[in-house]
Amino acid sequence: MQRLAIITSGGDAPGMNAAIRAIVLSCHSKHIECFGFYHGYNGLMDDEYQLLTPDMVRPITQYGGTILKSARCPQMHHDSGLEKVARTLRRHHIDALIVIGGDGSFRGMMALQSFWSGRLIGVPATIDNDLACTDSTIGFATAVNTATQAIDKIRDTANAFERVFIVEVMGRHSGHIAFNVGLATAAESILSFENCPTDNFKLVERELVEKIQTQQKNNHSSFVIVLAENLWPEGPQGLKTALFDAAKIESAVCVLGYIQRGGSPAPEDRILATELGIEAVSAAISESGVMIGKVNGTLTRSSIIRATEQNKPVDQALHSVYQQMAYF
């Protein structure tokens with residue numbers, strides 16, 4: 001293998017830069033030219049690239065975001081877009097493409113397999129932690145830290161006014177952030193896809209009202225609800241309205257939003273990204289269509305199809321801990 005390309009695609013995640021650095025330095029040690037294409041798959045379509053050298057990437061580990069930028073690319077859903085990407089890769093004689101991203105980015109990579117014969121390797125980077133075949137994805141630890149720090153601050157003002165706060169966290173359609181942050185902040189309630197029956201929101205509403213009223217009667221303290229995004233009808237404002245309509249419970253809403261995707265990556269994400277990046281280059285020499293992961297402390301190579309299509313539920317241990325703490 002003589003030439004390798006990297007893209008960062010989809011939602012940015014803290015630690016992407018550390019992965020880029022690891023890949024570039026690993027390529028340099030193996031005498032492989034490393035090209036970075038900007039703005040995800042769009043850069044491959046527009047032929048927007050840069051030859052990456054060790055000097056360019058040495059000081060980037062501590063930065064959030066990605067020096068290669070990122071973007072969504074609807075054209076990857078069409079054969080014409082896939083063929084355009086393949087033509088760029090062939091024109092530059094690229095032997096392998098490493099995609100640093102999440103579920104959507106990897107699905108684009110799988111579609112590209114029918115148009116390009118080079119090797120394709122995935123490095124999981126998404127704050128949602130919703131990819132199977134790896135215990136954690138790059139960016140997840142930082143997002144949990146950021147959301148935890150934010151809710152700790154919210155708790156101070158909630159205590160001062162003895163208020164109910166509804167805090168929405170990200171996660172797309174999984175509750176990994178919600179459960180981890182909820183437990184870390186001692187939230188009185190965690191509402192996520194894994195423990196909230198979406199076919200019976202009225203039942204959840206009644207249980208929540210009863211719990212809030214009981215605590216306010218006995219304790220007169222704050223009450224924090226950590227809510228997973230895309231769960232409740234009409235979002236946190238819908239839950240706020242439901243609580244007021246059901247029992248005249250006043251609540252405040254805070255949507256943490258994109259702050260969870262920014263900031264300097266936590267040490268856990270920097271280290272994970274470095275390990276996965278180095279392993280991705282090694283895998284690209286002999287394999288294709290695999291995602292690099294880390295399971296029980298061991299680096300793994302798994303089929304991209306399995307990584308994207310296999311469900312990754314929240315750890316049952318977290319469910320158990322929350323259920324026990326909910327009684328207090």
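Residue indices begin at 1 and follow the sequence shown.
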* Asked: Quick one: OG1 on Thr185 to CD1 on Ile190, what's the gap to the nearest 0.5 Å?
  -> 7.0 Å

* Asked: Would a 4.5 Å heavy-atom cut-off, applied to side chains only, mark Pro197 and Val204 as touching?
  -> yes

* **Value rounded to 0.5 Å, distance of NZ in Lys312 from CG in Asp128** => 10.5 Å

* Asked: Can you name the one residue among Gln215, Arg155, Arg163, Glu162 that meets side chain to side chain donor-acceptor pair (under 3.5 Å) with Ser222?
  -> Arg155

* Carboxylate-amine/guanidinium contact Asp95 Arg3, below 4.0 Å -> no

* Check: Ile292 and Thr300 side chains under 4.5 Å, non-hydrogen atoms -> no

* Which distance, rounded to the nearest 0.5 Å, do you find between the CG of Leu120 and the CD1 of Ile98? -> 10.0 Å

* To do: To the nearest 0.5 angstrom, please state how far the CG atom of Asn230 sits from the CE atom of Met170.
  => 9.0 Å

* So does Glu287 pair up with Arg301, basic N to acidic O under 4.0 Å? -> yes

* Is a donor on one side and an acceptor on the other found under 3.5 Å between the side chain of Asp269 and the backbone of Gly15? -> no

* Is it the case that one hydrophobic cluster holds both Val314 and Leu191, taking links as side-chain heavy atoms less than 4.5 Å apart, direct or via other members? -> no

* Look at the side-chain heavy atoms of Ile, Leu, Val, Met, Phe, Trp and Tyr, link any pair under 4.5 Å apart, and say whether Ile121 and Leu25 land in one connected group. => yes

* Structure fact -> Smallest heavy-atom separation, Cys34 atom then Leu51 atom, equals O-CD1, 3.4 Å

* Phe244 six-ring centre to Lys240 NZ/CZ under 6.0 Å and within 45° of normal -> no

* **Sidechain-backbone polar pair: Lys84 side chain, Asp79 backbone, donor-acceptor under 3.5 Å** => no

* To do: Check the hydrophobic clustering (I, L, V, M, F, W, Y; side-chain heavy atoms under 4.5 Å; chains of links allowed) and say if Ile100 and Ile278 are grouped together.
  => no

* Cluster overlap Met109 with Leu82, hydrophobic side-chain contacts below 4.5 Å -> yes

* To do: In sequence, state the C-alpha distance, the side-chain angles, and the governing distance for Leu243 and Glu250, and then conclude on side chain to side chain contact (heavy atoms under 4.5 Å, CB included).
  => CA-CA 7 Å; Leu243 292 176; Glu250 295 276 2; over 6 Å; no

* Just wondering, more than 12 heavy atoms not from Leu203 lying within 6.0 Å of its CG? -> yes

* Answer yes or no: is there a donor N or O on one side and an acceptor on the other, between the side chain of Ser26 and the main chain of Val281, under 3.5 Å? => no

* Arg90 CZ: over 12 foreign heavy atoms closer than 6.0 Å -> yes

* Looking only at non-hydrogen atoms, find the nearest pair between Thr146 and Gly262 and report the distance. => OG1-O, 4.3 Å

* Indicate yes or no: at least one non-hydrogen side-chain atom of Glu48 is less than 4.5 angstrom from one of His39. => yes

* Among Asp12, Thr126, Thr142, find the one that has a side chain to side chain contact (heavy atoms under 4.5 Å, CB included) with Arg261. => Asp12

* Asked: Do side-chain atoms of Gln310 reach the backbone of Ala307 as a donor and acceptor pair under 3.5 angstrom?
  -> no

* Asked: Are side-chain N/O atoms of Gln316 and Ser320 paired as donor and acceptor at under 3.5 Å?
  -> no

* To do: Let me see the working for Asp135 and Asn296 under side chain to side chain contact (heavy atoms under 4.5 Å, CB included), right down to the final yes or no.
  => CA-CA 7 Å; Asp135 290 339; Asn296 295 326; 4.1 Å; yes

* Minimum-distance pair of heavy atoms, taken over all atoms of Ala150 and Leu256 -> CB-CD2, 3.8 Å

* To do: Could you check if a side-chain atom of Leu112 sits within less than 4.5 angstrom of a side-chain atom of Leu89, using non-hydrogen atoms only?
  => yes

* Asked: Is the shortest heavy-atom distance from the side chain of Phe140 to the side chain of Asn180 under 4.5 Å?
  -> yes

* Asked: How about Leu231 and Phe193: do any of their side-chain heavy atoms sit closer than 4.5 Å?
  -> yes

* To do: Examine distances only and state if a side-chain atom of Ser105 and a backbone atom of Ser9 form a donor-acceptor pair shorter than 3.5 Å.
  => yes

* **Donor-acceptor under 3.5 Å (Ser302 side chain, Met291 main chain)** => no

* Asked: After noting the C-alpha distance and the side-chain angles of Leu208 and Ile225, does the key distance pass the side chain to side chain contact (heavy atoms under 4.5 Å, CB included) rule?
  -> CA-CA 9 Å; Leu208 192 55; Ile225 303 166; 3.8 Å; yes

* Should Tyr322 and Trp232 be counted in the same cluster of Ile, Leu, Val, Met, Phe, Trp and Tyr side chains packed under 4.5 Å apart? -> no

* **Residues Thr241, Gln237; criterion side-chain hydrogen bond (donor to acceptor under 3.5 Å, both in side chains); working and verdict** => CA-CA 6 Å; Thr241 300; Gln237 288 293 341; 5.4 Å; no

* **Nearest heavy atoms of Met16 and Ile138, plus distance in Å** => N-CG2, 4.0 Å

* Indicate yes or no: does Glu275 engage Arg270 in a salt bridge with an N to O separation below 4.0 Å. => no

* Does Ser192 offer a backbone N or O that forms a donor-acceptor pair with the side chain of Asn195 under 3.5 Å? -> yes

* Asked: Under the 3.5 angstrom rule, does the side chain of Thr88 hit a backbone N or O of Leu44 as a donor-acceptor pair?
  -> yes

* Contact summary for Ala22 and Thr274, nearest pair of heavy atoms -> CB-O, 3.5 Å

* Pairwise distance CG(Leu299) to OG1(Thr134) - rounded to 0.5 angstrom -> 9.0 Å

* Does the distance from a Lys or Arg side-chain N to an Asp or Glu carboxylate O, for Arg91 and Asp47, drop under 4.0 Å? -> yes

* Asked: Is the side chain of Thr308 donor-acceptor paired with the backbone N or O of Asp103 at a distance under 3.5 Å, no angle test?
  -> no

* Using the six-membered ring wherever Trp is involved, compare the ring planes of Phe37 and Tyr49 and label them parallel, tilted or perpendicular (cut-offs 30° and 60°). => tilted

* Determine, stepwise, if the pair Val24 / His28 fulfils side chain to side chain contact (heavy atoms under 4.5 Å, CB included). => CA-CA 6 Å; Val24 173; His28 182 72; 5.6 Å; no

* To do: Check whether any side-chain heavy atom of Tyr41 sits under 4.5 Å from a side-chain heavy atom of Val99, and report yes or no.
  => yes

* Find the distance between OG1 (Thr61) and CZ (Arg21) and round it off to the nearest 0.5 Å. => 4.0 Å

* Does the side chain of Glu229 come within less than 4.5 Å of Val169's, by heavy atoms? -> no

* Structure fact -> Nearest heavy-atom approach of Asn42 to Cys73 is OD1-SG, 3.4 Å

* Asked: Does the distance from a Lys or Arg side-chain N to an Asp or Glu carboxylate O, for Asp130 and Arg172, drop under 4.0 Å?
  -> yes

* Asked: Are any side-chain N or O atoms of Ser174 and backbone N or O atoms of Gly171, one a donor and one an acceptor, separated by less than 3.5 Å?
  -> yes

